[in-house]
Amino acid sequence: MNVSLLDLKAQYRQIAPEVQRAVAEVFDSQYFVLGPQVARLEEKIADYCKSRYAVGVASGSDALLVSLMALDIGAGDEVITTPYTFFATLSAITRLGAKPVLVDIEPETYNMDTSLIEALITPRTKAIIPVHLYGQCADMQPILELAKEYKLAVIEDAAQAIGATYAKDDNIRQAGSMGISGCLSFFPTKNLGGCGDGGMVLSNNPEFAEKVRMLRVHGSKVRYYHQLVGCNSRLDSLQAAVLLVKLKYLDEWTNKRIKNAEYYNKLFKNAGLEKQIILPQVQYNNRHVYNQYVVRVDNRDKLREHLKQNGVITEIYYPLPLHLQECFAYLGYTAGDLPNAEAAAECSLALPIYAELTEQMQYYVVDKIKEFYEKIIM
Ligand SMILES: *Cc1c(COP(=O)(O)O)cnc(C)c1O
């Protein structure tokens, strides 16, 4: 049996006529950049994410970059974030000349270990970027408290977490709605993916949202009059048209991902693999939206090869933590500095979790993993 990591064709088959109609409308209008579809999508996403404002930009990477630009973060400033994330979280900081200060992760959730943040705050610290990795919110309450105490901005990297909720107490909050900025990505492999690159900045702060709105069009409100130096980071009408169709199905697809995660958990328990496999941990009453279902395993690379030979495609998010990347050597970190991130890079493995995955496929994946530990590695 072949099980791919993600099957976007299976998703597209369900909605093809609707998507094609939406795309045809954009072509009929010949209005390709920003425009009415983008405005409508901004409204719908703001609503869905329980944020007052949403501003469409060209990618999730740009959402992070323009958020930092809107806060005037640059040379001499420090931003606290995690080393265990996609590259763009860190490069947004360094591209502006600011210095990333990295805090290790919790082994259970792969998110920032918030107990380590306060010791890293200096007079130069301007912001914290928690990443809601794999689709589960970082522990935001202590982060928001520290931010308040030390007057720091919080930019949530919610690229993997649209629709996730943080529920440490009765105050249930939406991913992306808790900081001054919430950054979304519509890259095709995210839970809400477009037909190319796209992103969005969420905010509850009117001045901040307005500034991001200006920055995405070269810092102007009135065309050819520039108050700020911004960039070209606009969302296309085509992306918005496709995303408006897909947004209607997002909860159905997300619930299917959650159901698949629960089914894997059950299969792994029944297989008696608790020793070899540590399952994803959901904190509090959070809604984990499983952009990835990531397990920790013994003999990861050999297991991955065994699965591949049996038609099951997996992925490693991420094989090298960012503090050990060549381009960030100048930051001065070395191996051993952030041990939990380094350990996660050695043993984490993402299994197929997409909505259209069948129970038979999941059974097959678990069966092949069981076979590996029982017959191949003994
Ligand atoms: C995907 C992703 C981004 C970047 O989004 P793009 O739209 O690909 O630029 C940023 N941070 C995280 C955690 C991501 O997963």
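A quick note: this is a predicted structure, and the numbers were derived from the prediction, not measured. Atoms within a ligand are numbered from 1 in the order they appear, just like the ligands themselves.
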In ligand 1, which numbered atoms sit nearer than 4.0 Å to a non-hydrogen atom of [X]?
X	answer
T85	13 (C)
T89	11 (N)
V131	13 (C)

Side chain, backbone, both or neither: the part of S61 lying under 4.0 Å from ligand 1 by heavy atom = both

Is the side chain of D337 donor-acceptor paired with the backbone N or O of T334 at a distance under 3.5 Å, no angle test?
-> yes

Side chain of D62, backbone of S59: donor and acceptor closer than 3.5 Å?
-> no

Look at the rings of F328 and F87 and say which category their plane angle falls in: under 30° parallel, 30 to 60° tilted, over 60° perpendicular.
-> parallel

Y293 and Y290 aromatic ring geometry - parallel, tilted or perpendicular at 30°/60° bounds | tilted

Any idea which protein heavy atom is nearest atom 3 (C) of ligand 1, and the distance to it?
-> F86 CD2, 3.5 Å

Can you tell me the protein heavy atom closest to atom 15 (O) of ligand 1 and the distance?
-> K190 NZ, 2.6 Å

What I want to find out is whether [X] reaches [Y] closely enough, with some N-O distance under 4.0 Å, to be called a salt bridge.
X	Y	value
R300	E305	no
R304	E315	yes
R287	D251	yes

Any nitrogen or oxygen of [X] lying under 3.5 Å from a nitrogen or oxygen in ligand 1? Just yes or no.
X	result
D62	no
Q160	yes
D157	yes
G60	yes

